[in-house]
2 protein chains.
Amino acid sequence: MYDKCLPAMPAAADSAFETDSTQLARRLKALAHPARLSIIEILAERDECICGEIVADLPLAQSTVSQHLKALKEAGLVQGSVDGPRTCYCLDPAAVAALEDDLGAFFDDLSPTAADCC
Amino acid sequence: MYDKCLPAMPAAADSAFETDSTQLARRLKALAHPARLSIIEILAERDECICGEIVADLPLAQSTVSQHLKALKEAGLVQGSVDGPRTCYCLDPAAVAALEDDLGAFFDDLSPTAADCC
DNA sequence: ATCGTACATCGCAATTGAACGATAAGACTA
DNA sequence: TAGTCTTATCGTTCAATTGCGATGTACGAT
């Protein structure tokens with residue numbers, strides 16, 4: 001189960017009382033935006049850590065991109081470290097792999113019902 | 001790219017001008033809620049099509065569940081058909097498989113960058 | 001014909017999300 | 001020190017989401 005959602009997935013990350021559904025939903029939500037998907041793709045393309053380049057590659061204001069990066073960081077999918085005047089972002093491979101695994105498990109649990117019934 | 005997001009993923013499904021990112025993000029958003037994840041799991045468990053049972057299994061009002069089901073239907077992940085006085089919901093196996101594939105492709109594109117760089 | 005059940009939809013309130021511009025903070029450079 | 005460049009954060013605006021109760025609608029049964 002997941003014990004409802006209000007007030008809007010509170011204190012999400014810190015609590016040990018996060019159900020599987022909530023846990024997965026939180027990370028999926030981080031992924032569920034075209035800009036954030038694009039950011040992840042960009043970070044994967046360049047194995048160098050960039051940031052300003054992300055802004056240049058997206059039709060969004062710098063502040064907007066910064067917020068998306070913050071969301072991805074809070075979801076644990078991306079790491080950021082200060083590098084002189086700029087900030088260096090990159091994927092967290094472990095977190096990405098974990099999400100991939102959890103999604104795989106989720107879909108595997110679904111598969112027994114291969115036939116639709118309606 | 002994805003050509004921004006305002007006004008909030010408009011006319012989403014009908015347009016042929018949906019980029020990959022937008023397409024995927026739209027379906028992920030349908031998944032990115034604990035209640036909807038639970039609904040999908042419930043639909044997969046029971047190979048019989050239910051609906052009232054979903055309401056009984058979730059700590060949510062009937063109207064709320066109905067809205068979540070609508071969202072899943074709009075995302076194409078779930079099919080609903082009227083069956084006398086009740087409505088019969090079930091997963092769309094093809095859509096689920098397609099989403100699984102697209103996610104697999106997405107993660108595969110990411111994998112070249114196995115090492116983190118920060 | 002009327003009642004009850006089962007869903008869907010409407011209307012509402014509260015919260016969150018997305019986007020932007022403006023500003024603050026930090027780090028090099030001259 | 002002053003200036004520039006880069007990024008984060010603040011404040012604001014508008015739209016979308018989440019949740020609920022109430023109402024509507026459709027079907028079956030009495």
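Order of the sequence lines sets the chain letters (A, B, ...), proteins ahead of strands, with each chain counted from 1.
The phosphate of C:dA18 has OP1 or OP2 within less than 4.0 Å of a side-chain N or O from A:R36. Taking side-chain N and O atoms only, A:Y89 has no distance below 4.0 Å to OP1 or OP2 of D:dT6. Not one side-chain nitrogen or oxygen of B:K29 sits closer than 4.0 Å to the OP1 or OP2 atom of C:dG17. Look at B:T64 and you won't find any side-chain N or O under 4.0 angstrom from OP1 or OP2 of D:dT18.
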Dump the intermediate steps for side-chain contact (heavy atoms from CB on, under 4.5 Å) on A:L31 and A:L99, then the final yes or no.
CA-CA 10 Å; A:L31 233 56; A:L99 177 53; 4.0 Å; yes
For A:I39 and A:V78: C-alpha separation, side-chain torsions, deciding distance, then whether side-chain contact (heavy atoms from CB on, under 4.5 Å) applies.
CA-CA 10 Å; A:I39 287 175; A:V78 153; 5.6 Å; no
Audit row: A:F107, B:L103, side-chain contact (heavy atoms from CB on, under 4.5 Å) steps and yes/no:
CA-CA 11 Å; A:F107 280 112; B:L103 273 173; 3.8 Å; yes
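Between the P atom of C:dT16 and the CZ atom of A:R26 lies a distance of 15 Å, rounded to the nearest Å. B:K73 has its NZ atom 10 Å from the C1' atom of C:dC7, to the nearest Å. In this structure, the CG atom of A:L69 is 15 Å from the C1' atom of C:dA19, given to the nearest Å. Nucleotide D:dT9 holds its P atom 5 Å from the NZ atom of A:K70, rounded to whole Å. Remark: P of C:dT5 and CG of B:D83 are 18 Å apart, rounded to the nearest angstrom. Between the CG atom of A:L60 and the C1' atom of D:dT7 there is a distance of 16 Å, given to the nearest Å. Counting to the nearest Å, the C1' atom of D:dT17 and the CG atom of B:L28 are 17 Å from each other. Atom pair A:H33:NE2 and D:dT17:P shows a separation of 11 Å (rounding to whole Å applied).
Between D:dT7, D:dC10, C:dT9, one nucleotide has an atom nearer to the side chain of A:Q67 than all others, and that is D:dC10. In this structure, the nucleotide among D:dC10, D:dG19, C:dT9 sitting nearest to the side chain of B:H68 is D:dG19. For B:R86, the side-chain atoms get nearest to C:dC7 when compared with the rest of D:dG21, D:dC10, C:dC7. Minimum atom distance to the side chain of B:S66 is reached by C:dA8, of the listed C:dA8, D:dG19, D:dG11.
Counting atom types as modelled, A:Q62 pairs a side-chain N or O with a base atom of D:dA8 as donor and acceptor under 3.5 Å.
A:T87 comes within 4.0 angstrom of the backbone, heavy atoms only, and of no base.
Taking the nucleotide of DNA chain D with the nearest heavy atom to each of B:G84 and A:P85, the more 5' of the two is matched to A:P85.
Taking each heavy atom of A:L91 and A:P93 in turn, the nearest pair found is O-CD, 3.2 Å.
Note that CZ of A:R46 and CD1 of A:I50 are 5.0 Å apart. Values are rounded to the nearest 0.5 Å.
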